[in-house]
Amino acid sequence: MDYQVVSVKQALSMPVGSAIEARGWARSRRDSKGITFIEINDGSRFKGLQLVVEAGAVPAETLEAVTTGSCIAARGQVTESPAAGQPVELKVEQIHVYGSADPAHYPLQKKGHTMEFLREIAHLRARSNTFGAVFRVRNALAFAVHQFFHERDFLYVHTPIITTSDAEGAGAMFHVSTLEPGQFPKTETGEPDWSQDFFEKAAYLTVSGQLEAEALALAFSKVYTFGPTFRAENSNTPRHLAEFWMIEPEMAFYDLKDNMQLAEDFLKYIIAYVMEHCEEDLAFFNQRIEPTVLQTLEHVANSSFEHITYTEAVNLLQKANRTWEFTPEWGCDLQTEHERYLSEELFKKPVIVTDYPKIIKAFYMRLNEDDRTVRAMDVLVPRVGEIIGGSQREERLDVLRARLVETGLPEEAYWWYLDLRRFGSAPHSGFGLGFERMMMYLTGMKNIRDVIPFPRTPGSAEF
RNA sequence: UCCCGGGUAGCUCAGUCGGUAGAGCGAGUGGCUGUUAACCACCAGGUCGCAGGUUCGAGUCCUGCCCCGGGAGCCA
């Protein structure tokens with residue numbers, strides 16, 4: 001007999017009577033006298049396929065090797081299930097065991113585990129319900145990002161991962177070098193002599209593709225990057241990784257208003273996409289991880305974002321009838337407690353705060369007429385905080401040079417960035433979205449280490 | 001990096017006043033004609049994070065270190 005090879009996802013919608021072969025990893029096994037139930041999952045869907053093996057259907061030694069965690073192929077007939085829990089199941093005629101798993105040592109049990117424990121077995125945790133759902137959503141979200149920009153004629157560009165320029169003078173960077181630690185060449189003054197290194201100057205892993213994206217936006221008008229970025233900060237929080245993915249659109253001829261509109265459209269689009277394509281996984285998150293996930297996502301998709309300036313935000317915070325750990329004061333950056341108050345308590349929806357004081361923002365943000373504030377925007381969302389940071393960029397050569405000097409950055413290192421203002425400069429804007437932050441927002445997962453397959457954090461890069 | 005909390009069986013945890021190490025789940029064995037985190041019975045399983053110290057005696061008290069979690073800072 002011919003058996004059609006199908007995924008578990010396909011198997012669950014096959015007509016009764018189909019002869020199929022399904023492959024997957026056994027999640028659970030229940031034995032009764034004369035009948036065995038095995039649930040397999042191949043990652044194609046949250047729900048698994050129930051295999052029903054009647055006594056004598058397959059050799060005893062084969063059935064014995066089908067343990068929790070083993071990988072098998074099963075052939076048989078799709079049948080209507082007489083019991084609750086699944087509409088169809090597979091009445092098994094043959095089983096092939098690709099690889100058994102010793103139940104005494106297989107670490108994933110049928111019962112729930114803590115996220116901390118699963119993190120220690122990151123090579124196996126994708127086989128659990130939670131992480132299966134997380135990484136399917138991650139895939140859908142990445143696809144939604146590309147689709148959004150391609151529908152709007154953006155060019156997907158690849159900015160370098162190894163860089164010799166420090167994007168904003170902010171954030172510690174990882175050195176990239178081929179020099180041997182023991183025989184590190186030194187200059188006459190005893191400093192490391194990077195001119196003898198591979199790139200003949202100090203090189204790092206990128207902290208942002210923005211500066212290069214600006215160069216490309218001033219040729220292709222609308223571009224976006226989507227790639228890994230690296231921060232060597234020693235920050236130990238549930239919201240930081242040393243290696244994370246960032247999406248950075250950059251648009252010529254966009255002012256801050258256009259930029260804000262794009263950010264709002266973008267967030268709504270990717271949320272709607274994931275809600276449409278990951279219904280089963282999101283339902284799981286809503287039930288087991290964070291009971292407000294669906295409600296919040298629907299709310300964001302259907303409400304317009306609040307817009308306030310930094311100065312207005314500080315006034316609102318000062319007027320708020322509550323005590324702060326850090327007193328809100330013009331000129332100081334908004335603290336986590338302030339951001340949470342604005343998005344979670346006062347407006348109860350995403351808030352875009354604009355026009356921050358120039359002293360707390362990067363040199364490349366466009367200076368306002370008041371000479372005190374810059375055209376920056378931060379999108380704050382409930383539960384996660386700052387999810388997007390962006391700005392209209394300074395396109396005026398003289399102003400940009402003055403800002404470089406003001407912030408103490410070496411002008412010569414930014415020669416090519418300044419060239420962009422010398423030759424055919426144009427107003428332009430862009431923003432950055434932390435992909436894993438967005439994942440936390442969509443799934444309700446509490447720790448950023450649990451929305452990326454193999455997280456890198458200080459002291460931790462095992463897998 | 002700073003401030004809190006934690007580390008005891010494969011997992012999740014309890015352990016009183018300093019006096020011979022406990023439970024549930026999981027694994028194993030047996031039972032049960034259809035289970036859904038199956039159920040019932042039995043059973044094995046321990047370098048109490050590591051290193052010192054106090055004590056007749058330390059899982060318990062003290063010191064240092066390591067790791068994990070929460071909060072903060074920095075940020076995406």
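The phosphate of B:G70 has OP1 or OP2 within less than 4.0 Å of a side-chain N or O from A:N447. Checking the phosphate oxygens (OP1, OP2) of B:A38, a side-chain nitrogen or oxygen of A:R30 falls inside 4.0 Å. The phosphate of B:C32 has neither OP1 nor OP2 within less than 4.0 Å of any side-chain N or O from A:S32. Neither OP1 nor OP2 of B:C11 sits under 4.0 Å from any side-chain N or O of A:T114.
For the pair A:T457 and A:I448, nearest-nucleotide mapping onto RNA chain B gives the more 5' position to A:T457. With the nearest nucleotide of RNA chain B identified for both A:K446 and A:G432, A:K446 has the one nearer the 5' end.
Ion pairing between a basic and an acidic side chain is recognised when a charged N comes within 4.0 Å of a carboxylate O; A:E406 and A:K358 show such pairing. No salt bridge links A:E395 with A:R393; every basic N to acidic carboxylate O contact stays at or beyond 4.0 Å. A salt bridge is defined here as a Lys NZ or Arg NE, NH1 or NH2 lying under 4.0 Å from an Asp or Glu carboxylate O, and A:E290 with A:R383 fails to meet this definition.
For the pair A:H299 (side chain) and A:K348 (backbone), a donor-acceptor distance under 3.5 Å is present.
For A:P238, taking side-chain heavy atoms from C-beta onward, the closest of the listed nucleotides B:G73, B:G70, B:C75 is B:G70. Listed candidates were B:A38, B:U36, B:U1. Nearest to the side chain of A:A83 is B:U36. You'll find that the side chain of A:E233 is closest to B:C74, out of B:A38, B:C74, B:G70.
Residue contacts shown for A:R449 are limited to sugar-phosphate atoms, with no base heavy atom under 4.0 Å away. Residue contacts shown for A:G434 are limited to sugar-phosphate atoms, with no base heavy atom under 4.0 Å away. Using a 4.0 Å heavy-atom criterion, one finds that A:I387 contacts the sugar-phosphate atoms exclusively. Counting any heavy atom pair closer than 4.0 Å across all strands shown, A:A55 reaches no nucleic acid atom. Within 4.0 Å (heavy atoms only), A:P107 reaches no atom of the nucleic acid at all. Residue-level contact check: A:F117 touches the backbone only, with heavy atoms under 4.0 Å from sugar-phosphate atoms and none from bases. Using a 4.0 Å heavy-atom criterion, one finds that A:E325 contacts no nucleic acid atom at all.
Scanning atom types as modelled, one donor and one acceptor separated by under 3.5 angstrom connect the side chain of A:H240 and the base of B:C75. Side-chain to base pairing of A:Q50 with B:U35: one donor and one acceptor N or O lie within less than 3.5 Å of each other. For B:G71, the base has no donor-acceptor partner in the side chain of A:E337 [N/O atoms by modelled type, under 3.5 angstrom]. Side-chain N/O atoms of A:D31 and base N/O atoms of B:U35 include no donor-acceptor pair closer than 3.5 Å. If you check distances only, the side chain of A:Q109 never reaches the base of B:U12 with a donor-acceptor pair under 3.5 Å.
On the P atoms, B:C25 is 39 Å away from B:U63, given to the nearest whole Å. Straight-line distance between the P atoms of B:U1 and B:A44: roughly 46 Å, to the nearest whole Å. When the C1' atom is used for both B:A41 and B:G5, the distance is 41 Å, rounded to whole Å. Annotation: B:C48 and B:A21 have their P atoms spaced 10 Å apart (nearest Å). Comparing the P positions of B:G49 and B:U8 gives a spacing of 6 Å, expressed to the nearest Å. A distance of about 42 Å separates the P atoms of B:U16 and B:C74, rounded to the whole Å. Using C1' as the reference atom, B:A38 and B:C2 are 50 Å apart when rounded to the nearest Å. Comparing the P positions of B:G59 and B:G52 gives a spacing of 15 Å, expressed to the nearest Å.
Among A:L400, A:V374, A:T373, the single residue meeting the side-chain contact (heavy atoms from CB on, under 4.5 Å) criterion with A:L367 is A:V374. Shown are A:F266, A:Y156, A:F143; of these, the ring-ring contact (aromatic ring centres under 6.0 Å, His included) with A:F149 is made only by A:F266. Screening A:T354, A:I352, A:V314 for a side-chain contact (heavy atoms from CB on, under 4.5 Å) with A:T309, the sole residue that qualifies is A:T354.
With a 4.5 Å cut-off on side-chain heavy atoms, A:F46 and A:R136 count as touching.
One can place NE2 of A:H113 at 14 Å from P of B:G10, the figure rounded to the nearest angstrom. Per the geometry, CG belonging to A:L334 stands 11 Å off P belonging to B:G73, to the nearest Å. As rounded to whole Å, 16 Å separates atom P of B:G26 from atom CZ of A:R29. Atom-to-atom, CD of A:E64 to P of B:U29 comes out at 8 Å; the value is rounded to the nearest Å. Note: CE (A:M173) to C1' (B:C74) measures 16 Å, nearest angstrom. Atom CG of A:N234 and atom P of B:C67 are 11 Å apart (whole Å). For the pair A:E116 CD and B:G70 C1', the computed distance is 10 Å after rounding to whole Å. For A:N236 and B:C2, the CG to P distance is 11 Å, given to the nearest whole Å.
Using the Watson-Crick or G-U wobble rule with both distances under 3.5 Å, B:G30 pairs with B:C40. In a base pair of the Watson-Crick type (N1 to N3 plus N6-O4 or O6-N4) or a G-U wobble (N1-O2 and O6-N3), with each distance short of 3.5 Å, B:G57 is matched with no nucleotide. Applying the Watson-Crick and G-U wobble criteria (two distances, each under 3.5 Å), B:G5 pairs with B:C68. For B:C13, the paired nucleotide is B:G22, the pair qualifying as Watson-Crick or G-U wobble because both relevant distances are below 3.5 Å.
Judged by a 6.0 Å distance limit and a 45° cone about the ring axis, A:R152 is positioned over the six-membered ring of A:F148.
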